[in-house]
Undergrad: 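Sharing a structure with you now.
Start at 1 with the first residue, then count along the sequence.
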Amino acid sequence: MGDRIPHVRAACGERFFALFTAWAEGRPKVSTRADAEVFTAHLESIGELPAPTRRRLFSLRRN
């Protein structure tokens, strides 16, 4: 998933895969885009990612 959300991966650094694995455990996959959006929102909610990163990420993906 990191290649789908490079800004998030860069912001999290080496913690990205551990954070993603912990979040994804026990969750059914919906779609890569939906999962990326929910995971990014989760990171914001726990203070691991500043809120503007999510807005920038998804506005870039739409263009």
Undergrad: I need the F17 CZ to C12 SG distance, nearest 0.5 Å.
TA: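 With rounding to 0.5 Å, CZ (F17) is 10.5 Å from SG (C12).
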Undergrad: Taking atom CD1 of I5 and atom CG of L43, what is their separation to the nearest 0.5 Å?
TA: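 If I round to the nearest 0.5 Å, the distance is 7.5 Å.
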Undergrad: Report the residues that fulfil side-chain contact (heavy atoms from CB on, under 4.5 Å) with A34, sequence neighbours left out, ordered by chain and then residue number.
TA: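 With neighbours one apart ignored, the set is V30, S31.
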Undergrad: Using 0.5 Å steps for rounding, measure from the CG atom of L49 to the NE2 atom of H42.
TA: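 If we round to the nearest 0.5 Å, L49:CG and H42:NE2 are 10.5 Å apart.
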Undergrad: Restricting to non-hydrogen atoms, name the atom on V8 and the atom on F16 that form the minimum distance, rounded to 0.1 Å.
TA: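 Minimum heavy-atom contact is CG1-CE1, 4.1 Å.
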Undergrad: Once side-chain hydrogen bond (donor to acceptor under 3.5 Å, both in side chains) is applied, what residue pairs with a partner in residues 9-30 remain, sequence neighbours excluded?
TA: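 For residues 9-30, and leaving out neighbouring residues, the side-chain hydrogen bond (donor to acceptor under 3.5 Å, both in side chains) pairs sorted by first residue read R15-E48, K29-T32.
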